[in-house]
Amino acid sequence: MNVRVRFAPSPTGYMHVGNVRTALFNWLFARGQGGVFILRIEDTDQQRHVEEAVEVITDGLTWIGMDWDEGPDIEGPYGPYFQSERLDLYHEHVDRLIADGGAYLCYCEAEGAAPESECHCRERHAAGDSLSPGLAVRLVNPGGRSEFDDIVGGHLSFENEQFGDYILVKSDGTPTYNFANVVDDNAMRVTHVIRGDDHVSNTPRQLMLYEKFGYERPKFAHLPQILGPDGARLSKRHGAASLTEYRDQGFLPEAFMNYLALLGWSPQGEREFMPPEELVAQFHLEDVRKSPAQFHIEKLVSLNSMYMETLEPGEKRRLASDALVKAGILDAESLGDPEMESYLDDIVEALGNRFRYGAQIVEFGAHFFADEVTIPVDLASYFAEDDVRCALAAAAESFENAPEWTEDAIESIVRGSASEAGLKAAPLIHGIRVALSGMTAGPSLFTLVRLVGPARSADRIRRALETFPAAAERK
RNA sequence: GGCCCCAUGGUCAAGUGGUGAAGACACCAGCCUUUCAAGCUGGAGACCCGGGUUCAAUCCCCGGUGGGGUCACCA
């Protein structure tokens with residue numbers, strides 16, 4: 001039997017990381033099995049589907065590298081792929097159920113019955129009833145138990161009665177999730193339902209429907225939740241629960257996919273750096289853990305830096321410039337400039353593996369694009385000693401008058417200035433670094449000076465000297 | 001509260017009725033270096049608790065505790 005799975009988000013205009021992971025496991029499974037991956041938009045509730053919200057989903061999937069075989073933009077044999085366009089199918093199904101006595105009309109809402117009061121509409125069921133405008137439809141709960149073997153969760157069993165005669169079709173004529181889901185999964189020949197484990201208790205509800213329709217039930221795999229760093233279910237309140245935030249931060253899609261795959265699933269071997277093809281090859285639903293996992297960005301960052309090392313210089317530059325533009329540090333127009341491009345290449349090269357994801361260029365490299373830097377006051381001590389100040393001033397002057405501007409030349413200026421002042425090179429080097437970048441860490445000092453340039457370097461050194469007067473001059 | 005699920009270092013996560021209980025990220029220390037990062041070397045750190053079953057339980061069973069999910073005319 002050919003594997004067919006679906007990712008069925010509702011168009012909220014927001015790609016939750018947990019949903020992305022659900023999509024990923026569906027995709028990995030489908031690709032690994034040579035199956036079909038369907039994208040279905042569950043927009044029964046929103047009166048009309050907002051095109052933009054669908055784009056958020058398709059853009060997100062595409063960015064991370066997932067493709068689908070059937071979906072809103074790719075017609076397949078079982079479309080349409082918007083639930084809002086499948087109303088006839090649902091109505092046809094519900095009428096069949098009503099006719100069979102498997103469902104009945106509910107007049108509560110229409111007659112303004114108190115919401116808390118029990119529904120007795122089941123007793124009003126009459127032969128010949130059919131779906132009618134303004135009336136909701138409820139399932140006749142068959143009682144008994146619903147059981148199934150979840151690929152991840154193992155054997156699960158529920159008392160049907162606890163779900164009552166739940167609503168199948170709302171009084172506005174739209175189907176509820178549990179109903180539409182069963183109809184569509186069956187109609188679309190879905191073989192495996194892979195979804196978040198917040199749906200486990202929906203499964204018995206749906207199973208009752210499969211029974212009533214006499215449909216073959218798909219296999220189920222319920223994925224454990226993704227938790228935030230505090231152990232609570234990952235949500236917007238954690239700040240970074242949306243896919244777009246990671247894209248905006250300049251993370252690489254392969255790294256993000258890799259990290260997400262490792263959340264709740266682990267490969268057989270010890271290798272964790274796994275590009276998409278390898279994930280597809282190794283992924284097995286059976287290896288998915290039952291327990292929820294916390295999303296910690298550190299490991300994502302670490303994986304991302306591994307992927308960064310596989311990038312071409314130009315790609316890294318692109319990542320850097322995107323982040324700089326986003327941060328308002330660079331004008332988009334200046335990007336085409338070949339001089340700027342090579343400057344960016346130089347900076348990225350200098351930063352090396354310190355540059356672990358796009359947005360870090362702003363953190364570590366903003367000073368390369370600034371007119372002046374602000375030095376944190378707690379670094380004032382770098383400018384406290386008289387001999388250092390003296391060497392700093394000398395170096396500044398030599399920078400301006402340097403006949404050539406190579407790292408070797410810079411190095412000899414720096415070392416020369418230090419020894420003339422009777423200093424070791426280190427304190428001078430540290431002072432210059434702080435003056436130029438406002439930081440104590442970074443690339444080789446000589447590279448730093450070279451990139452900042454003679455005039456700016458001299459200027460920043462003098463400014464630092466002014467900002468932080470010598471210890472003796474302070475009262 | 002009812003129902004369902006989960007429980008190995010800070011996090012991810014292997015694993016077994018008898019183990020020195022993997023590995024990764026993070027962390028600490030040393031080396032290296034002009035700083036940081038990287039690299040190398042070393043280090044600290046875990047089987048939720050209580051009962052059983054067993055010659056032996058992290059692993060099996062029961063209970064508890066803790067966490068999560070779900071109880072809509074939302075999905």
Side-chain angles (χ1 to χ4, degrees), chain A residues 8-12 19 41-46 83 106 108-110 115 119 134-138 150 152-154 156-159 161-164 166-181 195-205 222 224-227 229 231-233 259 261-273 287 289-303 305-306 309 351-356 360 364 382 411 414-415 418 424-434 437 439-448:
Chain A
S10 59
T12 59
N19 288 131
I41 305 299
E42 309 233 332
D43 59 347
T44 56
D45 195 43
Q46 5 287 108
Q83 287 190 326
C106 174
C108 293
E109 166 99 358
C119 174
L135 296 184
V137 180
R138 287 181 185 274
D150 193 279
V152 174
L156 298 171
S157 171
F158 298 83
E159 195 68 55
E161 213 54 67
Q162 65 183 304
F163 305 110
Y166 70 88
I167 299 281
L168 263 22
V169 175
K170 299 174 240 176
S171 45
D172 66 359
T174 61
T176 57
Y177 168 79
N178 283 306
F179 179 61
N181 229 259
R195 66 211 328 185
D197 73 4
D198 47 331
H199 286 297
V200 297
S201 64
N202 281 321
T203 309
R205 287 178 237 256
H222 286 98
Q225 221 80 47
I226 292 180
L227 275 23
R233 194 234 279 267
Y259 177 67
L262 258 19
L263 232 42
W265 170 78
S266 64
Q268 291 297 330
E270 285 191 348
R271 189 175 147 85
E272 291 197 326
F273 177 89
D287 297 333
R289 272 188 137 233
K290 289 169 91 165
S291 50
Q294 293 187 14
F295 187 104
H296 274 243
I297 199 166
E298 290 84 0
K299 191 153 182 172
L300 203 213
V301 171
S302 161
L303 270 172
S305 76
M306 294 168 79
E309 287 177 27
L351 252 21
N353 59 13
R354 294 173 195 78
F355 182 33
R356 306 211 287 172
Q360 279 195 324
F364 299 140
Y382 283 86
E411 177 162 7
V414 171
R415 294 198 188 278
K424 289 200 164 199
L428 211 216
I429 286 173
H430 296 150
I432 296 175
R433 179 187 303 288
V434 171
S437 69
M439 296 185 288
T440 57
S444 160
L445 192 267
F446 313 121
T447 307
L448 174 66

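Residue numbers start from 1 in every chain, and the chains themselves are labelled A, B, ... in the order their sequence lines are given, proteins ahead of strands. Basis for what follows: all heavy atoms, side chains included, without hydrogens, waters or symmetry-related copies. The model shown is predicted, which means the values in this text are computed figures rather than measured ones.
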Round to a whole Å and report the spacing from [atom1] of [X] to [atom2] of [N].
X        : N     : atom1 : atom2 : result
A:Ile226 : B:G68 : CD1   : P     : 16 Å
A:Phe158 : B:G2  : CZ    : C1'   : 13 Å
A:Gln162 : B:G2  : CD    : P     : 13 Å
A:Lys170 : B:A72 : NZ    : C1'   : 10 Å
A:His222 : B:G68 : NE2   : C1'   : 15 Å
A:Leu227 : B:G66 : CG    : P     : 17 Å
A:Leu300 : B:A24 : CG    : C1'   : 14 Å
A:Ile167 : B:C71 : CD1   : P     : 14 Å

Taking atom [atom1] in both [N] and [M], what distance in whole Å separates the two?
N     : M     : atom1 : result
B:C12 : B:G45 : C1'   : 15 Å
B:G68 : B:C55 : C1'   : 39 Å
B:U41 : B:A24 : P     : 11 Å
B:G51 : B:A57 : C1'   : 13 Å
B:G39 : B:A75 : P     : 49 Å
B:U33 : B:A37 : P     : 15 Å
B:C6  : B:A56 : C1'   : 27 Å
B:G9  : B:C48 : P     : 7 Å

- Message: Nearest to the side chain of A:Asn178, heavy atoms from C-beta on, is which of B:C73, B:C3, B:A75?
- Response: B:A75

- Task: Consider the side chain of A:Arg205, meaning its heavy atoms from C-beta on, and name the nucleotide among B:U70, B:C25, B:C73 that approaches it most closely.
- Result: B:U70

- Query: Judged by atom type as modelled, is there a donor-acceptor pair below 3.5 Å linking the side chain of A:Ser437 to the main-chain atoms of A:Val434?
  - Reply: no

- Residue pair A:Asn353 / A:Glu309, side-chain donor-acceptor N/O under 3.5 Å: no

- Is there a donor-acceptor contact under 3.5 Å linking the side chains of A:Asp172 and A:Thr174? yes

- Message: Strictly under 4.0 angstrom, non-hydrogen atoms only: write out the protein contact profile of nucleotides 27-36 of chain B, one letter per nucleotide from the 5' end, B, S or -.
- Response: -------BBB

- Assign a letter to each nucleotide of nucleotides 5-17 of chain B from its 5' end: B, base within under 4.0 Å of a protein heavy atom; S, sugar-phosphate only; -, no contact. SSSB--SBSS---

Looking at every strand, decide which applies to [X] at a 4.0 Å heavy-atom threshold: base, sugar-phosphate, or nothing.
X        : value
A:Asp198 : sugar-phosphate
A:Arg195 : nothing
A:His199 : base

Does any non-hydrogen side-chain atom of [Y] lie less than 4.5 Å from one of [X]?
X        : Y        : answer
A:Leu262 : A:Pro267 : yes
A:Ile167 : A:Val137 : no
A:Leu135 : A:Cys106 : no

- Result for 5'-nearest mapping on RNA chain B, choosing between A:Glu298 and A:Ser201, is A:Glu298

- Task: For A:Tyr177 and for A:Glu270, locate the closest nucleotide of RNA chain B by heavy-atom distance; then report the residue assigned to the nucleotide nearer the 5' terminus.
- Result: A:Glu270

- Under 4.0 angstrom between A:Arg271 side-chain N/O and B:A22 OP1 or OP2: no

- Query: Which distance, rounded to the nearest 0.5 Å, do you find between the CG of A:Leu303 and the CD1 of A:Ile297?
  - Reply: 12.0 Å

- Query: What distance do A:Leu227 atom CG and A:His296 atom NE2 have between them, rounded to the nearest 0.5 Å?
  - Reply: 9.0 Å

- Task: Could you pull out all residues at least two apart from A:Thr440 that satisfy side-chain hydrogen bond (donor to acceptor under 3.5 Å, both in side chains)?
- Result: none

- Task: List in chain and number order the residues that pass side-chain hydrogen bond (donor to acceptor under 3.5 Å, both in side chains) with A:His430, two or more places apart in sequence or in another chain; answer none if no residue qualifies.
- Result: none

- Message: For A:Glu272, is there an ion pair with A:Lys299 - N to carboxylate O distance below 4.0 angstrom?
- Response: yes

- Counting only distance, no hydrogens or angles, is the base of B:C73 paired donor-acceptor with the side chain of A:Ser171 under 3.5 Å? yes

- Message: Could you check whether the side chain of A:Asn202 and the base of B:A75 have a donor-acceptor pair of N or O atoms closer than 3.5 Å, going by distance alone?
- Response: yes

- Message: Counting the benzene-type ring for Trp, do A:Tyr259 and A:Phe295 have ring centres under 6.0 Å apart?
- Response: yes

- Stepwise, does the side-chain hydrogen bond (donor to acceptor under 3.5 Å, both in side chains) test hold for A:Arg195 with A:Thr203? CA-CA 11 Å; A:Arg195 66 211 328 185; A:Thr203 309; 3.1 Å; yes

- Using side-chain contact (heavy atoms from CB on, under 4.5 Å) as the criterion, list what pairs up with A:Leu156, not counting sequence neighbours. A:Phe148, A:Asp150, A:Phe158

- Task: Would you please enumerate the stems RNA chain B participates in, each stem being three or more consecutive Watson-Crick or G-U wobble pairs with both distances under 3.5 Å?
- Result: B:1-7 with B:65-71, B:10-12 with B:23-25, B:27-31 with B:39-43, B:48-52 with B:60-64

